[in-house]
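The shown structure was predicted, so the numbers you read here are calculated from the model rather than taken from an experiment.
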Amino acid sequence: MNLRRKHREEAEVHTGPLNDILFILLLFFLIVSTLANPNVIKLSQPKAKSDTKAKQTVVVSIDMDKQFYVGTTKVSIEQLKETLLPIIQKETQEPSIVINADKSVPVEDVVAVMRVARELGAKSVLAVDKNGAQ
């Protein structure tokens, strides 16, 4: 007498809801990563009416205390060229340095960064606040 079942049902795992959850999590992290910008140093920027967009290779910020930052790393003006050189060398197409200076920063400091950019063969772009243009 054979008591075993001849046709056993195989167990199935339904992955449809799991795929939905993974897709929603992926979408959530993509949106959050585009909104969060950790490279933010609060500055009061000069005003301008024109709107010029340039590809940013690196951002050099100058705050009201005349402190220079490459990204979020604080550097001195003497170290600026050595810090920017490896970043500029990585860029294959027309490298650009975006200067993000507080409006109270003397023009000499901005020109010093522009001079370093020219020595490195990079284009320099001055970031401005277009919302308060007069």
Specify the closest pair of heavy atoms between Pro95 and Gly121, including all atoms of both residues, with the distance to one decimal.
-> CG-O, 4.0 Å

OG-CE distance between Ser104 and Met64, expressed to the nearest 0.5 angstrom = 5.5 Å

Ile77 versus Leu80: any side-chain heavy-atom pair under 4.5 Å?
-> yes

Hey, does Ile21 have a side-chain heavy atom less than 4.5 Å from the side chain of Leu25?
-> yes

Tell me, do Ile97 and Ile88 make a side-chain contact under 4.5 Å, heavy atoms counted?
-> yes

Enter the distance from Asn19:CG to His14:NE2 here, rounded to the nearest 0.5 Å.
-> 13.0 Å

Straight-line distance of Leu84 CG to Phe68 CZ, nearest 0.5 Å | 11.0 Å

Residue pair Asn100 / Tyr69, side-chain heavy-atom distance below 4.5 Å | no

Rounded to the nearest 0.5 Å, the CG atom of Asp109 sits from the CG atom of Asp63 at a distance of 10.5 Å

Is there a side-chain contact between Leu85 and Lys81, using heavy atoms and a 4.5 Å cut-off?
-> no

Using modelled atom types only, decide if a donor and an acceptor are shared between the side chain of Asp65 and the backbone of Gln67 within a distance under 3.5 Å.
-> no

